[in-house]
2 protein chains.
Amino acid sequence: MIKITIAEVSKKYNLTQDTLRYYEKIGLIPHVPRNNNGIRNFDEESCRWIEFIKCMRSAGMQIEVLIKYISLFKQGRETLEERRNLLIEQKEKLVEKYTEIGNTINRLENKIKIYDEIAEGKRKDFMEEP
Amino acid sequence: MIKITIAEVSKKYNLTQDTLRYYEKIGLIPHVPRNNNGIRNFDEESCRWIEFIKCMRSAGMQIEVLIKYISLFKQGRETLEERRNLLIEQKEKLVEKYTEIGNTINRLENKIKIYDEIAEGKRKDFMEEP
DNA sequence: GCTTGACATGGAGTAAACTCCAAGTGATAT
DNA sequence: ATATCACTTGGAGTTTACTCCATGTCAAGC
């Protein structure tokens, strides 16, 4: 079984050691094994959790929600339904955000096009602001 | 020319009056007209800016960037190029974010599918966590 | 004339998510 | 055996984007 130090995990996932300790402290990583000196020895499961957390965080999912999810996971089978509902709810939130960002990207593209036209002299004004 | 109070703008764009005053204070709304008692009378241009700011913020664009953009806008034609570059850079950031959220949505959908299979009895384990 | 209500201001407070720091431990290299 | 290094902890500090509050002004209604 592979065990790696916090320095290695930090490098692997591009998260600071402080962030990893913080994540563990608040309950985002179910079980981080330690050696007999109290030093963390992340195993594969911890790493998978970290990767999962990182992915969810990169999309902006709130830490509170992730704490909830992991806490439900730790409680076992009886929380399957609740976990599923949580995931669905969060997915819907992300879809909403996704749409919003898509709209904003479109708007920016249009705006940039106008700037290009001004640069090419096809437009004389810049009164389309905002 | 239509002029509306902060209360009306607040309602129209679903932003608190505090937020609107804050936005003006930090330089996000180029020019908000006032009556002779110092009370804000938002005109159409202010409203367009507010709507623009709201759209950008909803996608997570940072306030600092928006302050920069508006400050460039106020300086006039000589900043056209710089504004265009700023918009392109921000658009690219949003595209990155968009992709990340898309990936996370896919991942959540797969996870939800697994939960469904467990619920239907097609899977007995839930060890696919995380 | 007085109250009410909507507005104004400056500045303090808050929430989320880290980030930094001081002080301490234990294994390893010189 | 002493220094160095990578780790540990608890707790304080930081950043971003608001949000709240105390105090004050003015116009309108009773």
Side-chain angles (χ1 to χ4, degrees), chain A residues 3-29 31-43 46 49-50 52-71 90 93-94 97 100-101 104, chain B residues 3-29 31-43 46-47 49-50 52-71 90 93-94 97 100 104:
Chain A
K3 304 263 189 180
I4 65 178
T5 65
I6 198 165
E8 291 164 319
V9 178
S10 167
K11 208 169 186 177
K12 188 168 179 182
Y13 295 106
N14 199 30
L15 293 167
T16 70
Q17 300 189 18
D18 272 323
T19 299
L20 288 167
R21 292 194 198 101
Y22 167 68
Y23 280 176
E24 188 196 2
K25 183 155 67 179
I26 63 173
L28 283 192
I29 317 171
H31 173 69
V32 179
R34 308 276 185 126
N35 72 10
N36 31 14
N37 299 315
I39 287 174
R40 291 173 184 81
N41 265 173
F42 292 85
D43 59 7
S46 309
W49 278 106
I50 289 162
F52 173 70
I53 297 299
K54 203 194 163 181
C55 176
M56 296 302 128
R57 289 291 306 130
S58 82
M61 191 181 291
Q62 292 208 353
I63 282 191
E64 268 305 308
V65 174
L66 291 166
I67 291 175
K68 178 75 188 168
Y69 183 76
I70 279 109
S71 128
Q90 292 305 311
K93 279 193 184 180
L94 289 190
K97 206 175 185 175
E100 255 173 10
I101 294 180
T104 305
Chain B
K3 305 263 189 179
I4 64 180
T5 66
I6 197 166
E8 290 165 318
V9 178
S10 167
K11 208 169 187 179
K12 187 168 181 184
Y13 295 106
N14 200 30
L15 294 166
T16 69
Q17 301 190 16
D18 273 324
T19 299
L20 289 168
R21 291 194 198 101
Y22 168 68
Y23 280 176
E24 188 196 0
K25 182 155 67 178
I26 63 174
L28 283 192
I29 316 171
H31 173 70
V32 179
R34 309 275 186 126
N35 73 10
N36 32 11
N37 299 314
I39 288 175
R40 292 173 184 81
N41 265 174
F42 292 84
D43 58 8
S46 309
C47 286
W49 277 106
I50 289 162
F52 173 70
I53 297 299
K54 203 194 165 182
C55 175
M56 297 301 128
R57 289 290 308 129
S58 83
M61 191 181 292
Q62 293 208 354
I63 281 192
E64 267 305 308
V65 174
L66 290 167
I67 291 175
K68 177 77 187 167
Y69 183 75
I70 279 109
S71 127
Q90 292 305 312
K93 278 193 183 179
L94 289 189
K97 205 175 186 178
E100 256 173 7
T104 305

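Values below: every heavy atom of this structure, side chains too, minus hydrogens, waters and symmetry copies. In what follows, chains are A, B, ... by sequence order, proteins preceding strands, each numbered from 1. Quantities reported herein were computed from a predicted structural model and do not represent experimental measurements.
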Kindly point out which of [options] is positioned nearest to the side chain of [X]?
| X | options | value |
| --- | --- | --- |
| Arg57(B) | dA8(C), dA17(D), dG10(C) | dA17(D) |
| Ile39(A) | dG11(D), dA17(C), dT8(D) | dT8(D) |
| Arg34(A) | dT19(D), dT9(D), dC18(C) | dT9(D) |
| Asp18(A) | dC20(C), dT19(D), dC7(D) | dC20(C) |

Check the phosphate of [N] against [X], side-chain N and O only, distance under 4.0 Å to OP1 or OP2. Yes or no?
| X | N | value |
| --- | --- | --- |
| Thr19(A) | dT19(C) | yes |
| Arg40(A) | dC7(D) | no |
| Thr16(B) | dC18(D) | no |
| Tyr23(A) | dC18(C) | yes |
| Gln62(A) | dA16(C) | no |

Whole angstrom value for the distance that separates [atom2] of [N] from [atom1] of [X]:
| X | N | atom1 | atom2 | answer |
| --- | --- | --- | --- | --- |
| Tyr22(A) | dA15(C) | OH | P | 14 Å |
| Glu24(A) | dC18(C) | CD | P | 16 Å |
| Ile53(B) | dC18(D) | CD1 | P | 11 Å |
| Leu20(A) | dA17(C) | CG | C1' | 14 Å |
| Gln17(B) | dC20(D) | CD | P | 12 Å |
| Met61(A) | dC18(C) | CE | P | 14 Å |
| Lys54(A) | dC18(C) | NZ | P | 12 Å |
| Phe42(B) | dC7(C) | CZ | C1' | 11 Å |

Report summary line: Between Asp43(B) and His31(B) the two heavy atoms that sit nearest each other are OD1-O, 4.5 Å
Query raised in the report: Which atoms form the tightest heavy-atom contact between Arg57(B) and Tyr23(B), and what is the distance?
Result: CG-OH, 3.9 Å
Requested in this report: Flag the pair Glu8(A) and Lys3(A) as a salt bridge only when some basic side-chain nitrogen lies within less than 4.0 angstrom of an acidic carboxylate oxygen.
Outcome: no
Query raised in the report: For Ile29(B) and Ser46(B), what are the C-alpha separation, side-chain angles and deciding distance, and is it a side-chain contact (heavy atoms from CB on, under 4.5 Å)?
Result: CA-CA 6 Å; Ile29(B) 316 171; Ser46(B) 309; 4.1 Å; yes
Report summary line: On DNA chain D, more 5' by nearest nucleotide between Glu8(A) and Lys25(B) is Glu8(A)
Requested in this report: Name the residue closer to the 5' end of DNA chain D, choosing between Ile6(A) and Arg21(B) according to the nucleotide with the nearest heavy atom.
Outcome: Ile6(A)
Any protein N or O atoms within reach of nucleotides 25-29 of chain D? Criterion: under 3.5 Å, listing atom names and distances.
from: dC26(D); atom 1: O3'; to: Asn37(B); atom 2: OD1; distance (Å): 3.4
from: dA27(D); atom 1: OP1; to: Asn37(B); atom 2: OD1; distance (Å): 3.3

Query - Residue pair Phe42(B) / Glu24(B), side-chain heavy-atom distance below 4.5 Å - result: no
Query raised in the report: Does the pair Arg21(A) and Ile6(A) meet the rule for a side-chain contact (heavy atoms from CB on, under 4.5 Å), with working shown?
Result: CA-CA 9 Å; Arg21(A) 292 194 198 101; Ile6(A) 198 165; 3.6 Å; yes
Query - Stepwise side-chain contact (heavy atoms from CB on, under 4.5 Å) check, Arg40(B) with Val9(B) - result: CA-CA 10 Å; Arg40(B) 292 173 184 81; Val9(B) 178; over 6 Å; no
Requested in this report: Check each of Leu28(A), Ile63(A), Thr16(A), Leu15(A) against Tyr22(A) using the side chain to side chain contact (heavy atoms under 4.5 Å, CB included) test, and report the only one that passes.
Outcome: Ile63(A)
